[in-house]
Amino acid sequence: MADALTAFLVDQLGSVIKQEIEHEVRLVVGVRKEVEKLIITFKVIQTVLNDAEQRQMNEESVKLWLEEFKNVAYDIEDVLDEWRMEILSSQIEGLDDDDDDDGSKQIMKKKVSSCLCSPFSCFNKIALRHDIGSRIKELRERLDYIETEKENLNPLKRLLDEGAHGSRILVTTRNESVVQKMNCYKHVLRVLSPHDCCDTVVLFNHLGIARHLTLIYDKDDEVEPSSFHSSLNKVEKLRTLNVFSNYNTWKSSLRDVFHHLRCLRVLNLKGMGITHLPNEIEKLIHLRYLDLSWNDDLMELPDSISSLYNLQTLNLEWCFSLRKLPKGMSRMINLRHLNISGTDNLEYLPEGIGRLKSLQTLTKFVVDGGASGGEYQIRELKNLKFLQGYIEITGLGRLKTEDEASKAELQKKQRLSGLLLDFNPSDAMASRSGRIGEINLEELGVDDQRMERVLGVLQPHPNLKKLTVRNYLGLKFPSWMTSNTSLSHLRSLRLSKCSNCTELPALGLLPSLEFLYISKAGEVTHISREFYGIGSGRVNNLTAFLKLTRLYIYNMPKLEELDLGVVAEEEEEEKEVNKVKAAAGSRDNTIITMPCLTLLKIICCSKLKRLRVLTKLPSLQTLNLGDMENLEEFRMVVEGGDHEDSIMLPCLSTLLLGGSKNLKSIPRQLPKLDSLILIDCSSLSQLPISPNLTTLEIENSTVLPQGIAQLKELQCLKMIDIDNLTCIPEYVQNLTKLQQLTIKGCPDQLTQRCRKDEGEDWNIISHIPNININVAEEEEEEKEVNKVKAAAGSRDNTIITMPCLTLLKIICCSKLKRLRVLTKLPSLQTLNLGDMENLEEFRMVVEGGDHEDSIMLPCLSTLLLGGSKNLKSIPRQLPKLDSLILIDCSSLSQLPISPNLTTLEIENSTVLPQGIAQLKELQCLKMIDIDNLTCIPEYVQNLTKLQQLTIKGCPDQLTQRCRKDEGEDWNIISHIPNININGEKIQYNEDDE
């Protein structure tokens with residue numbers, strides 16, 4: 001380490017002389033010679049550093065000498081940093097004065113520091129340079145002394161009265177278990193009176209010259225915080241400070257922290273509840289990394305933060321209340337990473353953001369020129385040539401012409417991997433109007449043709465891997481969206497709320513597309529040949545959707561017909577020829593569609609009447625058809641017409657049909673089907689031929705369909721709300737492999753008929769190990785009523801609601817904003833909230849107001865939340881929760897407190913919510929389409945019960961980082977038996993296969 005530091009400083013010292021010449025900004029007389037001497041001395045010391053670092057483990061004198069050398073080296077680096085700041089200051093003054101005519105280009109001029117400044121300013125600059133020069137001379141003398149000591153290391157003896165090297169972590173707690181978990185040195189302070197709390201500064205005396213410090217305040221810690229902060233000057237050379245606390249502990253002294261710890265390079269104040277950042281942060285001139293993420297109530301940053309010219313990373317992720325960034329932010333010319341994901345109230349970006357030419361990460365760009373007092377600023381993206389990763393561009397509907405949009409030059413940004421184009425005004429504007437998700441773009445003068453032209457010039461670079469288009473009002477999509485060259489590397493595509501769209505683009509031509517999500521294409525009535533990229537006429541040997549593995553079609557209110565696959569059009573003469581060729585195993589016009597598709601979900605398409613499978617889908621494993629009340633036809637169609645004996649879905653293992661009460665039949669041949677769920681399909685009379693079916697669930701029907709008797713491999717049978725089920729069918733006796741029989745909501749006499757050893761039907765079901773039939777609801781209800789009364793103190797005005805409710809599903813309520821639990825639901829086990837895009841509030845409300853610590857859902861074991869991107873929080877206390885699935889809930893920042901959670905699935909989000917680290921019982925973790933998941937979080941290493949880790953649709957580098965025995969993150973996940981990253985089995989347990 002010391003050798004690397006030395007090489008770095010030699011390079012930096014050489015740059016001082018170069019900067020003096022290039023920028024004509026000089027220090028005091030004679031300092032150049034001092035710098036040259038420093039370079040020579042460092043090179044001499046460098047010859048013995050490797051030997052010293054090896055000897056320090058056994059020789060205390062060498063260790064002391066090496067520590068002294070590092071101290072001087074770090075001090076020299078600090079001085080050089082201040083010198084670079086002086087150079088940067090001069091550059092930025094030139095930057096501010098030298099904008100060109102269109103305001104988009106700036107150049108830096110060489111400036112003599114004494115020019116164009118006030119006498120007071122000039123005096124300060126001269127004084128600063130004299131101070132830097134003097135300190136360089138002093139440090140050179142200290143280094144000379146250390147250089148002479150290297151010749152006499154063995155006799156060198158000095159007592160180590162204080163100080164230590166390396167990193168230190170200080171944990172204050174009253175909880176003994178915390179100490180045991182930390183596995184660290186324990187210093188017991190006994191019981192302290194308030195005036196004795198200041199004695200805790202003794203702990204800091206042991207930190208000495210520590211460079212890196214992490215402070216963890218236990219939530220029950222009552223030690224006076226000022227005793228810690230007053231002693232921070234004992235570690236004023238700190239370069240890294242991580243604080244894990246709440247803001248109340250630090251509120252009174254954060255300003256002092258900034259004042260004393262001026263050598264900081266890294267400052268982490270994540271999730272501390274900060275509401276205001278003191279102006280004194282400008283004193284941290286050496287700062288490179290600042291993390292203010294997850295500070296929900298932080299509304300703005302002080303303008304003084306713009307003077308942190310060395311800052312490279314600013315993390316403001318999930319600062320929900322943040323409304324604006326500092327006006328002078330364009331002065332932070334070394335900024336490389338600006339993370340503003342989850343800042344839904346951010347109204348605009350400051351003008352001049354295009355000056356930050358070193359930016360590599362900019363997670364969101366808000367087009368809102370009106371609020372910023374200037375013209376629309378999308379042109380500022382032009383100069384950000386090094387942008388990489390994922391970026392959201394919102395408010396595109398406010399652009400007046402396509403010329404403005406074209407100035408972003410997205411097609412030249414070859415490092416971008418993910419892009420969201422949102423034509424709606426910013427979430428902040430919608431929030432101010434009180435109509436989140438309901439802004440009418442026509443009110444803003446937005447028309448469909450203008451949108452088509454704007455989207456037409458926003459073509460990204462062909463390297464793009466993920467694209468989302470949202471709130472687009474055009475009637476059609478631009479040609480670049482269907483070009484196999486324009487989007488040749490695109491893997492994921494989302495089209496959401498394209499409400500005027502009359503037809504979908506020919507997406508089947510995209511050669512690399514793996515994931516496709518289509519939602520609310522409001523005017524589309526048919527999905528057929530054009531969607532696959534096949535027009536009318538002859539087609540020779542075409543494969544459409546070559547790599548597509550997952551397809552989601554949601555909430556298409558006017559969709560009436562959907563074809564899965566394409567049948568080639570042939571002339572009559574050709575048909576006869578191809579029949580002969582087909583019999584011989586060949587034909588001229590073969591069309592293959594979606595050969596890799598494994599998952600298909602079609603949900604909330606209320607007018608869909610016809611669903612046809614026209615070509616074999618050889619890889620499809622999961623098919624979910626939900627809430628399609630008018631679906632009448634779901635069948636196979638092969639050459640020559642229907643052919644129900646054809647096996648078109650040879651690998652389908654899971655089929656869920658819900659809300660299709662008019663559907664009379666489904667495909668007959670499903671040989672690999674393992675699980676079949678039928679909900680509200682009361683007209684379905686016949687089950688498919690599925691010899692391997694092990695799980696069957698039928699819910700909300702008048703009678704049972706035919707075919708159950710043939711399911712000889714059936715292990716789990718659930719029959720719920722079957723109106724006419726008054727007795728157990730005799731064929732159940734022949735289902736010898738049944739392990740679980742559940743019957744709910746059926747006529748009361750069924751319970752009597754199934755009494756153990758007594759009921760008329762007991763002989764039919766006695767071979768089944770687990771049986772649950774209409775649990776005595778009256779008795780259970782009475783129990784729950786008494787529980788509620790007891791908790792309420794037997795008050796006369798107690799209102800009990802749904803004490804026996806076990807299942808609750810709320811789906812496709814697009815305008816639902818508020819969901820409140822007002823009384824305890826003691827029996828609720830499963831809660832499914834799906835496709836509620838405007839849901840903002842889901843909380844507990846007890847007498848006297850909110851009480852998030854109240855356990856209102858004590859038995860909830862399964863929670864599924866889908867399509868609620870505005871939902872920021874869910875109830876905290878869910879003690880029995882076993883399975884949690886979050887789909888498209890990108891604003892959710894915190895998981896509930898669920899110590900028994902074993903299964904967690906998070907899909908379609910920018911980042912992971914907090915709280916995963918506390919899920920010690922977690923066995924299965926799935927993370928799908930998490931845009932910013934570039935590495936495995938370290939806490940996964942502590943989830944020791946994990947059996948399955950699945951990650952899909954995440955940045956490519958993640959696969960490399962997880963390479964077995966090689967990747968950077970392998971040590972974090974190596975304990976997990978089954979690992980699948982982006983479709984690649986990194987590790988698997990053969991016993992589970």
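Numbers for residues simply follow the sequence, beginning at 1. As the structure is a computational prediction, the values presented were derived from the model and not from experiment. Only this structure's heavy atoms are used, side chains among them; waters, hydrogens and symmetry mates stay out.
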### Message
Test: salt bridge (Lys or Arg N to Asp or Glu O under 4.0 Å). Region: residues 305-320. Which pairs qualify, not counting sequence neighbours?
### Response
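Listed by first then second residue: nothing to list.
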
### Query
Can you list every salt bridge (Lys or Arg N to Asp or Glu O under 4.0 Å) pair that touches residues 282-294, not counting sequence neighbours?
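Qualifying pairs, neighbours excluded: D81-R288.
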
So which heavy atom on [X] is nearest to which on [Y], and how close?
| X | Y | result |
| --- | --- | --- |
| W294 | Q914 | CG-NE2, 3.6 Å |
| E236 | H260 | CB-O, 3.8 Å |
| S330 | L356 | O-CD2, 3.5 Å |
| P302 | P278 | CG-O, 3.9 Å |
| M332 | L308 | CE-O, 4.2 Å |
| L325 | P350 | CB-CD, 3.8 Å |

Keeping [X] on the side-chain end and [Y] on the backbone end, is there a donor-acceptor pair under 3.5 Å?
| X | Y | result |
| --- | --- | --- |
| S417 | G389 | yes |
| Q941 | I972 | no |
| N295 | L269 | yes |
| N345 | F320 | yes |
| N310 | Q312 | no |
| K413 | L381 | yes |

### Message
Under the criterion salt bridge (charged side-chain N to carboxylate O under 4.0 Å, His left out), I'd like the reasoning laid out for R265 against D78: C-alpha separation, chi angles, the key distance, then a yes or no.
### Response
CA-CA 10 Å; R265 264 67 172 177; D78 288 343; 2.6 Å; yes

### Task
Determine, step by step, whether E392 and K364 satisfy the salt bridge (charged side-chain N to carboxylate O under 4.0 Å, His left out) criterion, reporting the C-alpha distance in whole Å, the side-chain angles of both residues, the deciding distance to 0.1 Å, and the verdict.
CA-CA 4 Å; E392 299 179 8; K364 183 164 71 173; 5.5 Å; no

### Query
Can you list the steps and then say if Y390 with L362 is a side-chain contact (heavy atoms from CB on, under 4.5 Å)?
CA-CA 8 Å; Y390 176 83; L362 177 62; over 6 Å; no

### Task
Tell me, with the steps shown, if L316 and L322 meet side-chain contact (heavy atoms from CB on, under 4.5 Å).
CA-CA 9 Å; L316 299 168; L322 189 68; 3.9 Å; yes

### Message
Between T363 and I391, does the side-chain contact (heavy atoms from CB on, under 4.5 Å) criterion hold? Intermediate values first, please.
### Response
CA-CA 4 Å; T363 55; I391 184 173; over 6 Å; no

### Message
Would N268 and V243 count as a side-chain contact (heavy atoms from CB on, under 4.5 Å) here? Give the steps.
### Response
CA-CA 6 Å; N268 184 353; V243 183; over 6 Å; no

### Query
Do E347 and R323 sit within salt-bridge range, that is, some charged N less than 4.0 Å from a carboxylate O?
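Yes, charged N to carboxylate O under 4.0 Å.
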
### Task
Output yes when E280 and R262 qualify as a salt bridge under the 4.0 Å nitrogen-oxygen rule, no when they do not.
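Looking at R262 together with E280, the answer is no, because their closest N to O distance does not fall below 4.0 Å.
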
### Message
Under the rule for salt bridge (charged side-chain N to carboxylate O under 4.0 Å, His left out), what residues qualify as partners of R415, not counting sequence neighbours?
### Response
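Here no residue qualifies.
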
### Task
Only counting residues at least two apart or in another chain, list the ones meeting side-chain contact (heavy atoms from CB on, under 4.5 Å) with I285.
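Only E82, M85 meet the side-chain contact (heavy atoms from CB on, under 4.5 Å) criterion with I285.
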
### Message
Run the side-chain contact (heavy atoms from CB on, under 4.5 Å) test against D297 and tell me which residues pass, sequence neighbours left out.
### Response
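Expected list: T275, S321.
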
### Query
Can you name the side chain to side chain donor-acceptor pair (under 3.5 Å) partners of R961, sequence neighbours left out?
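Scan of R961 (side chain to side chain donor-acceptor pair (under 3.5 Å), adjacent residues dropped) gives E968, D969.
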
Is the shortest side-chain heavy-atom distance between [X] and [Y] below 4.5 Å?
| X | Y | answer |
| --- | --- | --- |
| I916 | Y939 | yes |
| T934 | L958 | no |
| T361 | L387 | no |

### Query
Would T313 and H337 satisfy side-chain hydrogen bond (donor to acceptor under 3.5 Å, both in side chains), going step by step from the backbone distance to the final call?
CA-CA 5 Å; T313 298; H337 306 285; 4.6 Å; no

### Task
Would you kindly say whether Y74 and R211 are connected by a side-chain donor-acceptor distance under 3.5 Å?
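No.
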
